[in-house]
Structures are given as C-alpha cells and as structure tokens.
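All values derive from a computational prediction rather than experimental measurement. Side-chain atoms are counted along with the backbone in the values below, which use heavy atoms only and exclude waters and symmetry mates. Just so you know, residue 1 is the first one in the sequence shown, and it goes up from there.
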Amino acid sequence: MKLPEQFTARIREQLKEEADAYFACYDQPKYQGLRVNTLKISVEEFLKISPFPLRPVPWTKNGFYYDSQYQPAKHPYYFAGLYYLQEPSAMSPAAMLPIEEGDRVLDMCAAPGGKTTELGAKLKKTGILYANDVSQSRARALLKNIELFGIDNSVVLSEPPEKLLSRCSCYFDKILIDAPCSGEGMFRKEPSIISNWEKTGTAYYAEIQRRIIVTGAKLLKPGGMMLYSTCTFSPEEDEEAIVHLLSQCPYMELVELPMFDGFDTGHGEWASRPVSNIEYCRRLWPHRIQGEGHFLALLRKKTAEEVAQEGLELNEEQQRDLLPNYGSYPYKGARLTPEAEAFFQKAGTRLDTNRLEEHEGRLYYPPKDMADVRGLRILRSGIFLGENKKKRFEPSQPYAVSLGGNCGYAISLPAEDERIVRFLKGETISLEGPDGYVLLCVDGFGLGWGKINRGICKNKYNIGWRMG
C-alpha cells in the first residue's frame, strides 16, 4: 500500500520510535467486529446461541471480534436485528458516551447508524433519540438500521446541523458527534480513501468539524455531555478541534475518559495553544490495539450557576448559548379503524392514540415528548406501523422486527430450519398455523410478515430487506 508522503512524514513526527510499528500494521489483516443489540437480547443470552466463536472487545461490554471465515451478515440473526457489524475501534464513541435512561440524545452525523443503534439500545426504549445526517441517501440507510434494531423512540432527520439550532437549542442531554474526517484510520480497511485524502488533505475536514462541534455545544443542555470523535490521526482534526471549541465556547470543559490497555491520551504538544486537561482525550492507534484507530473527547457544558461561580466572562452570544429555545411537538392524534384496532389487540400492542398519526392511510407512532421539529426535513418520527387498506390493515416490516415471540401472530422456527432462509429470500414456504397473517420469527425474534392459506405461507417480507 502506497501511503501519501505528507501523511507518512507527519505520522513519523507524531509517533517517532513507534512509527515503524504503526506502518507494519498495514501488512496485517483488518479486525472484524460484531456488537450485540442489547435492546433485543442480553449479551449472556446471545453468547449461548451465537453461531460463531467470539472474543470480547475490551472497551465495550457488548462488542466482540469474530474471524473473517464466518459470514454473520448472512445469518438469520442478522436479519432479526440481534447484532450490528462494526469495526471494533468504531464501537468506542457510543460506548464512552454515558447515556442514561430518559435522556434526549442526538447523533449529529449519524449515517449509516452503527453508533446510533448503540445509543438507542442504551436508552432501553426510554427518552428519545434524534439521528441526523445531512445526506438524504445516507439518512435512508440510517433509518433502515434503526428500524432493524427495533428502536421505536427515534426521530430521523436530514439537515445541516446548524438548522437544528432554530428548534433545539439547549435541548439535548447527550450528543454524539462522530465527525466527517479525512479517514486516516480507514486506510487499511478501505484503501480507496487514500486518494480522497490526497485530493482534500485534512484542512477541508477541519473546517467542517469546527463548525459542527460548536453547533453541538449550542444544542447541548447545560449540564449535558457531548462526545466528539473521528477515525483520523491528524491533530488538525482532533486536538485542534477541541482547541477551537473551547476558544469559542468557554462554558465547555473536558471530562476524563476511561483508559484501556493500549489507549493513548490527547497530546497538548500537538495543539496550537495550551488546553486544560487535553490529556483527558483518548487516541486509539492500530499498532497498540486490535482495531483501525479513533480519537475521542468527552465534554460537558457548564450550567449558568457554574459559569457565575467560576467568574467566566461570556459575550452576549455565549450567554444565549445557555438559554433553552425549543417547544413541544403538537401531536395530532388519530383514530384506529376497527381492522387496525383488532390487529393491534391480537398482536399485544398498546397505543396512545393521542400520539398516533395517519398520513394517506399510513400509520405512524411518534415518540412521546418530542421537540417541535416541524419545518425540518424529517424522514421518520417513531415507527411506521402499517397501512389502512379497504376493510383490512397491512402491518409494516419495521413493526415486524420490533416484535417478538410473545406477539399473538408469532410462529417461531429455529435458525437451522431451511424455511427461514427461503423466507428471507422472498420465497413462499409451507407453514402450519391458522389462516391469515403470521409473524415469522427465528428463535423467538421477529423477521417479517407472511399470510397463511391452508398451510402455505405467502411471503410479505419487505423486498428491500431480503437476503441476497
């Protein structure tokens, strides 16, 4: 692999005697990672049924390494949303952000959803998760992963982060910014990124990151916490982003992150000016850990009382950054048709119809206590339940994977049953059960809908979700 000379020279300057060990990593195979969806299954229970041997990732409780000879993306458990395939060091940002039940959480640069899905799992269906990505196409992929994980308390947005300020200033308890970056930590995994680095370098992304991180500070509630991360090794995109944030937002402070074997700290000598507690940041280098690498910084927003006690002098704009500016979402409410009501009753799903929304026959169930985000580009709020048709209700694919074996329509087959794979490929299968809708499950976890007629199950599995 031919690395850019400018990159190579800088790494040698950064790592000095460790540089040779770093460059030797490019001749080693990349690490494969799998993260268990604790919203659906505990780590302990998953390890009992795991189809492949796993080794724990040290810095997260539900992350594991697997060998490249296995294909977990082809297993039915993947289609039931029991795990997400993620590069091991990329598991660290969501693991290090201390989510608490009931939090209002924002993933500001969320697609394709690897970190978002872990944030949603940590909320345990409490609070509310906002997932934003400026690219609509990437946001659609994000939405699918959120749906697959069974996260029904989410709002998926596609806006430049600055546009959120008009609706959500000082609103979020926790924010994750896994910022767009030059991707130096992905060179081994995706060598094509090298050519993009040669075109743009690091300065292009540094400008974007500085704008995003300051926006995040303004969106954060006083007393709230924000984690900034990149998958690059450039001080311009890492330590310097923190320098910029603290110069623009003096009400922010660094919080010390856990130290695991092989982790490095932030480096004050690489910053343009001294930063208090820069050593609280963490760097993951691929020659020190089993992963591609990351940079992490955890920050907290001081309250107005703390600012006053410390005698911090804020200008007018900085003072406004401590003042909440958001409203409550005006739920419209909708009535269920008799057919839909009967379906949900048998499924065991209870709905607050004051929150239920209907658009051209399609039923959506937004999370409670949403902010008033009207006027922003919303791809989905809550869960798409299904569609009212003439004299019937057709349940949706996202609704299917949010359910399990306790659903009144559920019929479960073991993962080894060949009908499971045939169903996931969109085929008609034989299935004993009462005529009508059925939720086909694998070992008790929902996959998708079918319709039984005299022992034959007509496939209703979403065509865009099917196994290739």
Side-chain angles (χ1 to χ4, degrees), residues 32-57 60-88 90-91 94-95 99 112-125 129 131 141-154 383 396-407 409-425 438-450 461-462 464-468:
Q32 311 286 347
L34 172 157
R35 198 191 70 247
V36 177
N37 179 6
T38 55
L39 198 60
K40 292 191 174 187
I41 188 170
S42 70
V43 170
E44 294 74 20
E45 289 301 314
F46 182 77
L47 291 176
K48 292 177 184 177
I49 65 171
S50 176
F52 4 82
L54 301 171
R55 294 183 297 112
V57 173
T60 180
K61 295 178 181 179
N62 57 327
F64 297 89
Y65 298 99
Y66 68 90
D67 292 334
S68 58
Q69 69 192 77
Y70 298 98
Q71 293 184 301
K74 295 291 186 180
H75 196 278
Y77 291 161
Y78 177 80
F79 293 84
L82 296 195
Y83 51 80
Y84 188 95
L85 302 182
Q86 189 173 32
E87 190 278 310
M91 298 178 188
I99 302 295
K115 300 169 183 68
T116 313
T117 48
E118 174 63 1
L119 299 178
K122 289 172 77 170
L123 280 172
K124 300 179 182 178
K125 291 187 179 288
L129 172 66
L142 163 69
L143 172 60
K144 180 185 172 183
N145 283 321
I146 288 173
E147 291 174 335
L148 184 60
F149 253 51
I151 299 168
D152 55 15
N153 57 329
S154 64
I383 184 172
S396 73
Q397 179 63 45
Y399 180 43
V401 290
S402 73
L403 298 169
N406 58 347
C407 169
Y409 293 93
I411 294 180
S412 187
L413 298 176
E416 298 77 21
D417 194 310
E418 53 88 22
R419 289 175 293 177
I420 290 287
V421 171
R422 288 175 52 205
F423 177 81
L424 291 173
K425 290 183 175 181
V438 60
L439 172 67
L440 188 64
C441 299
V442 56
D443 292 329
F445 300 97
L447 289 173
W449 301 103
Y461 190 68
N462 188 303
W465 291 40
R466 290 178 183 174
M467 181 183 288

[Y] and [X] aromatic ring geometry - parallel, tilted or perpendicular at 30°/60° bounds:
{"X": "H75", "Y": "Y77", "answer": "tilted"}
{"X": "W449", "Y": "Y399", "answer": "tilted"}
{"X": "Y84", "Y": "F149", "answer": "perpendicular"}

For the atom pair [atom1] ([X]) and [atom2] ([Y]), what is the distance rounded to the nearest 0.5 Å?
{"X": "L123", "Y": "L39", "atom1": "CG", "atom2": "CG", "value": "9.0 Å"}
{"X": "R466", "Y": "Q397", "atom1": "CZ", "atom2": "CD", "value": "9.5 Å"}
{"X": "N37", "Y": "E118", "atom1": "CG", "atom2": "CD", "value": "8.5 Å"}
{"X": "E44", "Y": "N62", "atom1": "CD", "atom2": "CG", "value": "10.5 Å"}
{"X": "S50", "Y": "Y66", "atom1": "OG", "atom2": "OH", "value": "11.5 Å"}
{"X": "L403", "Y": "Y409", "atom1": "CG", "atom2": "OH", "value": "10.5 Å"}

With heavy-atom distances below 4.5 Å as the criterion, would you say the side chains of [X] and [Y] are in contact?
{"X": "P76", "Y": "F445", "result": "no"}
{"X": "F79", "Y": "V442", "result": "no"}
{"X": "F46", "Y": "L54", "result": "yes"}
{"X": "T116", "Y": "I146", "result": "yes"}
{"X": "F52", "Y": "L34", "result": "yes"}
{"X": "L413", "Y": "F423", "result": "no"}
{"X": "K425", "Y": "M467", "result": "yes"}

*Taking it one step at a time, do I49 and I41 satisfy side chain to side chain contact (heavy atoms under 4.5 Å, CB included)?*
CA-CA 11 Å; I49 65 171; I41 188 170; 3.8 Å; yes
Short question: side chain of [X], backbone of [Y] - any donor-acceptor pair under 3.5 Å?
{"X": "K122", "Y": "A94", "value": "yes"}
{"X": "N462", "Y": "G464", "value": "yes"}
{"X": "Q71", "Y": "K74", "value": "no"}
{"X": "D67", "Y": "P53", "value": "no"}

Contact summary for [X] and [Y], nearest pair of heavy atoms:
{"X": "P398", "Y": "I383", "answer": "O-CD1, 3.8 Å"}
{"X": "A121", "Y": "T38", "answer": "CB-OG1, 3.8 Å"}
{"X": "P414", "Y": "I420", "answer": "O-CG1, 3.6 Å"}
{"X": "L439", "Y": "L447", "answer": "CD1-N, 4.4 Å"}
{"X": "V401", "Y": "E147", "answer": "CG2-O, 3.2 Å"}
{"X": "G404", "Y": "A410", "answer": "O-CB, 3.8 Å"}

*Using side-chain contact (heavy atoms from CB on, under 4.5 Å) as the criterion, list what pairs up with S412, not counting sequence neighbours.*
C441
*Salt bridge check: are E45 and K48 linked by an N-O gap of less than 4.0 Å?*
yes
